[in-house]
Amino acid sequence: MTDFQNWMFSIQSRMELVLDKLLPPAHIAPQRLHQAMRYAVLGGGKRVRALLTHAAGEMCGASPQKLEFAAAAVELIHAYSLVHDDMPCMDDDDLRRGKPSCHKQYDDATALLVGDALQSLAFQSLAQPDVYTNAARQLEMVNLLAIASGSRGMAGGQAIDLASIGQNLNQAELEYMHIQKTGALIRAATLIGAYCTDEGEVGAGLSIDRTQAIDRYAQCIGLAFQVVDDILDIEAETATLGKTAGKDAQSNKPTYVTILGLSRAKQLAVELYENAVEPLSAYSSEATRLIQLATFITQRNF
Ligand code: GRG
């Protein structure tokens, strides 16, 4: 196993434990809701957003405990978005993370409540009273996550996505939608990791230059993530993806592949990778994990 794979697996398994502890136990009432929340969050997912939080935090010298609660908050928002996205009133998908999607395993009303409750739990995780020593920075993180998830971020992007079905979007319009739908949360995940550092703490701290470099990285890698997602929708198998392959074409959705064609979409993913890592070149080994993650995100096959 490579050093990067070791790092990734150790964070993925630590995140599983943190999320397990944050989620209400399945035997506590209302049991069905709590079971469904755990079903939607645990035992699946690449945890890309949590990895980004950790990688950015490590670059700025943040402590693991702060990073874990912050990364959990982002993963909880992400899990809520997947549960709602799969519902019949949205993308109507039966498969998620290799198992029946939440509303299929439970029912629509439960899935709706799972999303609502996961969103609240995300902010509870970020609002921990004893973890973050810099209250102003903690408030900034809450604000960042709220904006990224709301109508001018992920939920707004989803609204544009639903309205775009069957429409002929151009590349700029598609990009605008994805900056909000997928990019905003990925950007927040990364910036929140950097914000977990307290000035004067071990490590490099959070200068304006460093924040800007991380922000630029996060915006490019968020878009790259979506371009690769569109490519995989065409090229990968349902069994590998753990979600229905070919769904975009089936739903008549504009994607980078429908607009640019496969080969230009792949070229765009490479360009976005290069644009993402370029601002980090000044930081040498401190930025290693972010650079390795950019490679993982753009070269993944699931
Ligand atoms: C319902 C408010 C609301 C928003 C939904 C992000 C989103 C908006 C829907 C997800 C639909 C989708 C498949 C988007 C493409 C990019 C994406 C977010 C893929 C899933 O993320 P991964 O691959 O999933 O990181 P895992 O399972 O690995 O966590």
Side-chain angles (χ1 to χ4, degrees), residues 8 11-12 15-16 19 39-53 71-72 74-99 101-103 108 111-116 118-119 122 145-165 174 177-190 221-234 236 238 240-251 253-257 269 293 296-302:
M8 182 166 77
I11 288 173
Q12 286 167 335
M15 285 314 301
E16 198 68 16
L19 289 163
Y39 177 85
V41 174
L42 299 175
K46 298 177 284 298
R47 310 291 188 213
V48 163
R49 294 152 192 80
L51 292 165
L52 284 165
T53 305
V74 179
E75 284 292 332
L76 289 167
I77 293 282
H78 171 57
Y80 124 67
S81 81
L82 298 180
V83 169
H84 281 189
D85 184 64
D86 288 337
M87 291 184 69
C89 58
M90 296 226 186
D91 263 15
D92 192 10
D93 215 313
D94 294 353
L95 189 68
R96 175 64 65 182
R97 294 177 167 172
K99 53 189 191 182
S101 37
C102 190
H103 69 278
D108 287 4
L112 195 66
L113 291 170
V114 163
D116 296 341
L118 292 179
Q119 177 159 211
L145 189 62
I147 293 171
S149 326
S151 65
R152 300 181 68 192
M154 185 180 74
Q158 178 77 345
I160 301 172
D161 185 335
L162 293 171
S164 76
I165 294 171
L174 189 70
M177 173 177 89
H178 287 312
I179 285 172
Q180 296 189 48
K181 184 183 137 185
T182 318
L185 191 62
I186 288 182
R187 174 173 178 249
T190 317
I221 216 59
L223 214 48
F225 182 94
Q226 185 61 54
V227 175
V228 172
D229 208 73
D230 287 357
I231 295 168
L232 290 175
D233 189 64
I234 299 287
T238 296
T240 324
L241 287 180
K243 62 180 180 179
T244 316
K247 191 75 205 295
D248 296 335
Q250 215 182 75
S251 330
K253 272 194 175 180
T255 72
Y256 281 99
V257 177
L293 262 179
F296 172 74
I297 286 170
T298 47
Q299 294 184 5
R300 69 200 163 101
N301 58 3
F302 62 102

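Indexing begins at 1, ligand by ligand and atom by atom, following the structure's order. Computed from heavy atoms alone, side chains included, the values below leave out hydrogens, waters and symmetry copies.
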Do Tyr256 and Leu174 pass the side-chain contact (heavy atoms from CB on, under 4.5 Å) test, and can you show the C-alpha distance, the side-chain angles, and the key distance before you say yes or no? CA-CA 8 Å; Tyr256 281 99; Leu174 189 70; 3.7 Å; yes

Run Asp91 and Lys247 through salt bridge (Lys or Arg N to Asp or Glu O under 4.0 Å) and show every step you take. CA-CA 9 Å; Asp91 263 15; Lys247 191 75 205 295; 5.2 Å; no

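Summary of contacts: the protein heavy atom closest to atom 8 (C) of ligand 1 is Gln158 OE1, 3.3 Å. For atom 11 (C) of ligand 1, the closest non-hydrogen atom on the protein side is Asp85 OD2, 3.1 Å. The protein heavy-atom contact nearest to atom 17 (C) of ligand 1 is Phe225 CE2, 3.8 Å. Summary of contacts: the protein heavy atom closest to atom 16 (C) of ligand 1 is Gln226 OE1, 3.5 Å. Ranking the protein heavy atoms by distance from atom 22 (P) of ligand 1 puts Lys46 NZ, 3.5 Å first. When only non-hydrogen protein atoms are considered, atom 15 (C) of ligand 1 lies nearest to Asp229 OD2, 3.3 Å.
In this structure, the side chains of Leu185 and Ile77 come closer than 4.5 Å at one or more pairs of heavy atoms. Arg97 is listed as a side-chain neighbour of Leu82, based on a closest heavy-atom distance under 4.5 Å. Put simply, the side chain of Phe225 reaches to within 4.5 Å of the side chain of Arg300, judged on heavy atoms.
Residue contacts with ligand 1 do not include Phe302, since none of its heavy atoms lies under 4.0 Å from the ligand. In this structure, Arg49 counts as a contact residue of ligand 1, since one of its heavy atoms falls inside 4.0 Å of the ligand.
Per-residue contacts place Arg97 under 4.0 angstrom from the following atoms of ligand 1 (heavy atoms of the residue considered): 26 (P), 27 (O), 29 (O). Listed by number with element, the atoms of ligand 1 under 4.0 Å from a non-hydrogen atom of Lys181 are 6 (C), 7 (C), 8 (C), 14 (C). For ligand 1, the atoms lying closer than 4.0 Å to a non-hydrogen atom of His84 are 1 (C). Those atoms of ligand 1 that come under 4.0 Å of a heavy atom in Tyr80, given as number and element, are 2 (C). Those atoms of ligand 1 that come under 4.0 Å of a heavy atom in Gly45, given as number and element, are 26 (P), 27 (O), 28 (O), 29 (O).
Residues Ser101 and Asp93 have side chains that never bring a donor and an acceptor to within less than 3.5 angstrom of each other.
Using a distance-only test at 3.5 Å, with no hydrogens or angles considered, no donor-acceptor pair links the side chain of Asp92 to the main chain of Met87.
Scanning His78, Met154, Lys243 for the heavy atom closest to atom 13 (C) of ligand 1 points to Lys243.
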